[in-house]
Amino acid sequence: MTGTMQENLFAELRAHVLAALAAMLPELPAEVLARVEVTATKDETHGDMATNAALVVSKQASRKPQEIGAALATALAALPMVDRAEMAGPGFVNLHLAPAFLRAQLPVILARGEAYGDGSIGAGIPVNVEYVSANPTGPMHVGHCRGAVVGDALANLLAKAGFAVTKEYLINDAGGQVTALAYAAYWRYLEVIGTSLSQDDYAERIPGGLQYGGEYLIAVGQRLAAEHGATLATATLENAEPDLWFETVRETALAMMMDGIREDLELLGIRFDRYSSERELVRQGATDKVIDTLTGMGLIYEGVLEPPKGKLPDDWEAREQTLFRATSFGDDVDRPLRKSDGSNTYFANDIAYHADKMARGAQIMIDVWGADHGGYVSRMKAAVKALAGNSNATLDIVLCQIVKVLKGGELVRMSKRAGTFITLRDLLEEVGRDAVRFTMLTRKSDAQMDFDIDQAIAQTRENPNFYVQYAHARCRSVLRAAAEKMDVSPQALLDADLSSLDNPAEMTLIRRLASWPRQVEQAAFAREPHRIAFFLYDLAGDFHMLWNRGRDDTTLRFLQDDRPDETRARIVLVAATAAVIRSGLAIMGVAPVEEMR
RNA sequence: GCGCCCUUAGCUCAGUUGGAUAGAGCAACAGCCUUCUAAGCUGUGGGUCGGUGGUUCGAAUCCACCAGGGCGCGCCA
């Protein structure tokens with residue numbers, strides 16, 4: 001042990017770089033120093049880490065970067081953990097670290113376990129991550145699934161980076177879609193109790209037609225019949241008093257749809273800290289209140305929008321509307337808040353909802369949306385900007401692109417009308433929760449994804465989920481075998497002599513492990529949970545590489561009966577690898593496996 | 001027509017927010033192998049980062065324009 005418990009070696013070296021810089025060039029402005037980075041090198045011949053410090057400050061210091069770099073290299077070479085430092089290229093300083101310094105990170109990892117990599121950049125700032133928020137009008141499908149997994153992993157990632165995270169779901173239970181749901185459920189009810197109407201007749205008599213024809217509403221009809229008999233029925237729809245049945249049907253349908261969604265989320269391993277109801281917000285007058293607030297700020301007016309350019313919608317006509325001055329905050333056009341019947345647009349309610357999140361203390365709001373909502377990004381950001389004032393509250397929006405499902409090399413067509421869309425439950429049954437979650441995180445969220453079912457369950461290196469789990473299982477296997485002969489608890493391993501860990505493949509693995517805290521920071525900063533999946537894939541690759549070396553060269557195997565000290569050192573390395581893999585999988589919401597079967 | 005996202009090896013994709021000679025898997029090619037946990041291993045070849053300009057010490061990354069793909073475009077959420 002070196003005595004340091006510094007987890008993030010990059011941060012540690014960066015502090016040294018800044019100190020050395022300050023000694024040479026005092027009075028550099030903070031915003032210049034902020035750009036100084038210490039990063040891992042791409043090429044191992046460049047050492048372990050590199051800093052761009054000389055390049056970044058050269059202009060301000062009005063000295064040549066290579067001159068500063070050379071001086072910096074000399075200063076850094078004097079540090080105990082630096083074996084060698086040299087100026088390279090246009091002014092980089094490459095740092096070759098003492099192997100003992102890198103190895104010393106292993107007991108830190110053992111001591112921290114899965115908590116290794118927990119960061120402080122979040123500084124306890126309250127972050128609200130809103131995701132899924134699927135309309136409660138039917139079961140979740142694969143499109144929702146990606147947003148669900150990305151949002152959940154992002155929330156976990158931010159929590160690991162030290163933010164105070166709230167996971168939240170907005171139930172869109174206020175709009176016309178829920179009315180349509182009620183009418184659709186009522187039709188199923190009429191079917192159950194018996195009706196002379198045909199489905200087409202029914203569809204003609206209700207506003208908007210029959211929008212949800214899915215069989216999943218039959219259960220709603222059955223429950224209504226069981227609980228209310230025929231008392232909700234009306235002889236003819238013309239003289240029906242919707243008051244008689246509408247509220248009851250809507251409540252029952254909504255509750256059952258939300259129950260189904262909660263079950264689906266549970267199967268995916270997702271639990272929200274809070275469910276908010278749009279209807280409840282409206283009932284409390286939150287929307288009216290926020291519109292009042294904006295009116296007070298002079299940001300609301302009655303006006304007529306320019307018609308959209310290009311081909312007009314066929315029913316377009318100039319009309320005066322209640323508009324929010326979104327253009328004052330970077331949007332392209334001002335946006336309507338009221339429908340012509342006087343009710344609120346979804347946007348108006350969403351402004352109220354975001355105001356509510358801010359009122360509850362959210363400093364950073366993150367919404368995870370489907371790409372089809374991309375057109376709403378700038379208006380929502382504009383609204384938050386208007387309301388945030390000097391509270392510094394911000395809104396980030398993560399868009400998830402379309403997921404196409406492939407099976408047997410064929411695109412699985414998804415169409416609600418044809419009834420062939422894949423539900424989340426179908427996918428979970430076919431692939432399994434962990435493989436679904438892992439696979440959903442193997443692409444940047446704003447890139448389209450082909451979800452290949454065959455690959456997601458394949459037992460080959462092409463399947464990142466398998467490859468990473470396999471690495472973890474191998475670690476656990478080694479530890480089980482070792483446990484028969486020695487104490488492999490973290491406590492018992494903390495004082496192991498690690499000096500025998502000097503093989504290049506071992507050092508590569510150690511470097512990767514030591515970069516985990518920085519990976520967490522970077523991924524959290526970028527709001528990109530997929531980076532965790534790629535990191536784990538690379539880490540698994542390093543480990544498998546080491547394992548495979550042991551095939552040809554038996555002296556590289558982890559367990560060496562005649563060399564207990566080396567064995568202990570390698571057990572430390574294996575245990576640390578397992579801990580970091582678990583740490584990463586925990587962010588992704590994937591359960592590590594102990595053995596492959 | 002306008003706005004946003006995307007375009008990187010034959011294929012599927014990364015690329016540490018502007019850093020050094022752009023990486024990985026699959027496929028291809030060449031060897032090895034029947035296992036400390038099996039569902040292989042090692043190595044090689046492969047690139048005008050869609051195109052053209054610009055910004056600067058430095059661009060796959062930022063800006064402008066162009067080409068192709070996706071999404072959206074006043075009372076759907």
Side-chain angles (χ1 to χ4, degrees), chain A residues 10 35 37 39-43 46 50 52 55-56 58-59 64-66 88-92 94 133-135 137 172 174-178 180 208 278 304-311 313 316-319 321 323 331-347 349-350 370-378 399 401-402 442-444 446-450 452 455 458-464 466-467 470 473-474 476-478 481 515 518-519 521-523 525-526 530-531 533-535 537-538 541 544-545 547-552 554 557-560 595-596:
Chain A
F10 294 89
R35 292 173 50 215
E37 284 187 319
T39 58
T41 54
K42 286 180 193 168
D43 185 340
H46 291 153
N52 62 351
L55 294 158
V56 167
S58 119
K59 200 168 195 174
K64 286 182 183 155
Q66 294 178 335
F92 289 100
N94 291 332
S133 297
N135 287 335
T137 54
N172 296 123
Q177 308 224 345
V178 180
E278 183 186 1
V304 180
L305 288 177
E306 293 282 311
K309 302 275 189 271
K311 43 196 177 266
W316 197 91
E317 59 183 73
R319 182 178 287 131
Q321 295 175 289
L323 297 169
D331 201 358
D332 302 322
V333 289
D334 294 335
R335 304 292 183 174
L337 298 177
R338 306 264 197 222
K339 302 179 193 175
S340 56
D341 67 1
S343 65
N344 305 319
T345 59
Y346 177 72
F347 177 51
N349 289 342
D350 220 14
D372 54 341
H373 289 53
Y376 273 71
V377 170
S378 49
L399 291 183
Q401 290 287 343
I402 300 295
T442 55
R443 292 285 179 275
K444 238 182 328 200
D446 58 3
Q448 292 180 43
M449 172 159 71
D450 291 337
D452 187 329
Q455 184 180 309
Q459 309 235 317
T460 68
R461 181 171 190 167
E462 291 171 68
N463 176 2
F466 167 80
Y467 195 64
Y470 192 20
R474 277 179 158 174
R476 301 299 297 167
S477 166
V478 170
S515 73
R518 182 175 153 85
Q519 287 291 337
E521 274 187 14
Q522 298 282 333
F525 180 74
H530 76 277
R531 293 190 189 194
F534 282 93
F535 173 84
Y537 185 74
D538 290 341
H544 287 306
M545 167 83 78
W547 178 288
N548 292 329
R549 287 278 151 85
R551 293 182 176 210
D552 298 332
T554 56
R557 296 184 180 187
F558 298 113
L559 306 180
Q560 303 286 337
E595 54 186 325
M596 309 304 286

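Within every chain, numbering begins at 1; the chains are lettered A, B, ... in the order of the sequence lines, protein sequences first and strands thereafter. What you see is a predicted model; the values in this text were computed from it and never measured.
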Next item on the list: Check if the side chain of A:Y470 and the base of B:A39 share a donor-acceptor pair of N or O atoms closer than 3.5 Å.
Entry: yes

Q) Is there side-chain contact between A:E306 and A:V333, with heavy atoms separated by less than 4.5 Å? A) no

Rounded to whole Å, CZ of A:F535 lies from C1' of B:G15 at a distance of 15 Å

The residue, A:D450 or A:R474, whose nearest nucleotide of RNA chain B is more 5′ is A:D450

Regarding the side chain of A:Q448, the nearest nucleotide among B:A24, B:G70, B:A39 is B:G70

Parsed dot-bracket for RNA chain B after applying the Watson-Crick and G-U rules with both distances under 3.5 Å and | for other-strand partners is (((((((..((((.....[...)))).(((((.......))))).....(((((..]....))))))))))))....

Self-check item: Within 45° cone of A:F347 ring axis and under 6.0 Å: A:R335 NZ or CZ
Solution: no

Per atom distances to the A:D332 side chain, the nearest of B:A39, B:G70, B:G3 is B:G3

Next on the checklist: Taking the C1' atom in each of B:G54 and B:A59, what is the distance between them to the nearest angstrom?
Outcome noted: 11 Å

Taking for A:E462 and for A:V304 the nucleotide of RNA chain B with the nearest heavy atom, the one nearer the 5' end belongs to A:E462

When rounded to whole Å, the CG to P distance for the pair A:N548 and B:G31 reads 21 Å

Original post:
Counting only side-chain N and O atoms of A:K42, is one of them less than 4.0 Å from OP1 or OP2 of B:A20?
Top reply: yes

Relative to its sugar, using the 90° cut-off around 0, the base of B:U17 is syn

Taking atom P in both B:A67 and B:G51, compute the distance separating them and give it to the nearest angstrom. 15 Å

Residues A:L55 and A:P65: closest non-hydrogen pair is CD2-CB, 3.9 Å

**Message:** Does A:Q401 reach a base, just sugar-phosphate, or nothing at all? Heavy atoms under 4.0 Å.
**Reply:** sugar-phosphate

- Query: Considering only heavy atoms and no angle criterion, is a donor-acceptor pair shorter than 3.5 Å present between the side chain of A:R551 and the base of B:U35?
  - Reply: yes

Any idea how A:Y537 and A:Y467 line up, ring-wise: parallel (<30°), tilted (30 to 60°), or perpendicular (>60°)?
-> tilted

Please confirm whether any donor atom in the side chain of A:Y376 sits under 3.5 Å from an acceptor in the base of B:A77, or the reverse.
yes

Notebook entry, point to check: Quick one: are A:F92 and A:T41 in side-chain contact, heavy atoms under 4.5 Å?
Noted result: no

From the candidates B:U17, B:A38, B:A77, the one with an atom nearest any side-chain atom of A:W547 is B:A38

Discussion item. Under the criterion of centre distance below 5.5 Å and interplanar angle below 30°, is A:F92 classified as stacked on the base of B:G19?
Written reply: no

With A:E278 as partner, the option from A:N349, A:N344, A:V178 fulfilling side-chain contact (heavy atoms from CB on, under 4.5 Å) is A:N349

query = Heavy-atom distance under 4.5 Å between the side chains of A:R518 and A:T39, does that happen here?
reply = yes

Counting only side-chain N and O atoms of A:K444, is one of them less than 4.0 Å from OP1 or OP2 of B:C5?
-> no

### Message
Work out how far the P atom of B:U52 is from that of B:C41, and round it to whole angstrom.
### Response
40 Å

Are any of the side-chain heavy atoms of A:Y470 and A:H544 separated by less than 4.5 Å?
-> yes

Assign A:S343 to base, sugar-phosphate, or nothing according to its heavy-atom contacts below 4.0 angstrom with the strands shown. nothing

Discussion item. In whole Å, measure the gap between the P atoms of B:C5 and B:G10 for me.
Written reply: 27 Å

Item to complete: Mind checking A:G374 for me? I need base, sugar-phosphate or nothing, with any heavy atom below 4.0 Å counting as a touch.
Response: nothing

Out of B:A39, B:U12, B:U16, minimum distance to the side chain of A:M596 belongs to B:A39

* To do: Evaluate the ring planes of A:F534 and A:H530, with Trp represented by its six-membered ring, and classify them as parallel (under 30°), tilted (30 to 60°) or perpendicular (over 60°).
  => perpendicular

Problem - Under-3.5 Å donor-acceptor pair between A:H373 side chain and B:A77 base - result: yes

The nucleotide from B:C36, B:C57, B:A24 with an atom nearest the side chain of A:Y537 is B:A24

Discussion item. Let's test your reading of the model: under 3.5 Å, does the base of B:A20 pair with the side chain of A:N94 as donor and acceptor?
Written reply: yes

NA contact type, A:A371, heavy-atom cut-off 4.0 Å: base, sugar-phosphate, or nothing?
sugar-phosphate

Work out how far the C1' atom of B:U61 is from that of B:G50, and round it to whole angstrom.
15 Å

Separation of B:G58 atom P from A:E37 atom CD, nearest Å, is 19 Å

**OP:** Mind checking A:G550 for me? I need base, sugar-phosphate or nothing, with any heavy atom below 4.0 Å counting as a touch.
**Re:** nothing

Taken to the nearest whole Å, CZ/A:R518 to P/B:U16 is 10 Å

For B:A24, take OP1 and OP2 only and decide whether either is under 4.0 Å from a side-chain N or O of A:H544. no

Pairwise P distance, B:U8 and B:U56 [rounded to whole Å]: 29 Å

Atom CZ of A:R549 and atom P of B:G43 are separated, to the nearest Å, by 6 Å

From OH of A:Y346 across to P of B:G74 the rounded distance in Å is 18 Å

In this structure, CG of A:N172 is separated from OG1 of A:T137 (nearest 0.5 Å) by 9.5 Å

A:E306 CD to B:C2 C1', in whole Å, measures 13 Å

Here the distance between atom P of B:C13 and atom CG of A:D452, to the nearest Å, is 11 Å

inquiry  = With the criterion set at under 5.5 Å between ring centres and under 30 degrees between planes, would B:A20 be stacked on A:H46?
reply    = yes

To the nearest 0.5 Å, atom CG of A:N52 lies from atom CZ of A:R35 at 8.0 Å

Quiz item: Is any side-chain N or O of A:R335 closer than 4.0 Å to OP1 or OP2 of B:C73?
Solution: no

What integer number of Å spans the P atoms of B:G23 and B:G46? 13 Å

For the C1' atoms, the ones on B:A28 and on B:C11, what distance do you get once it is rounded to whole angstrom? 12 Å

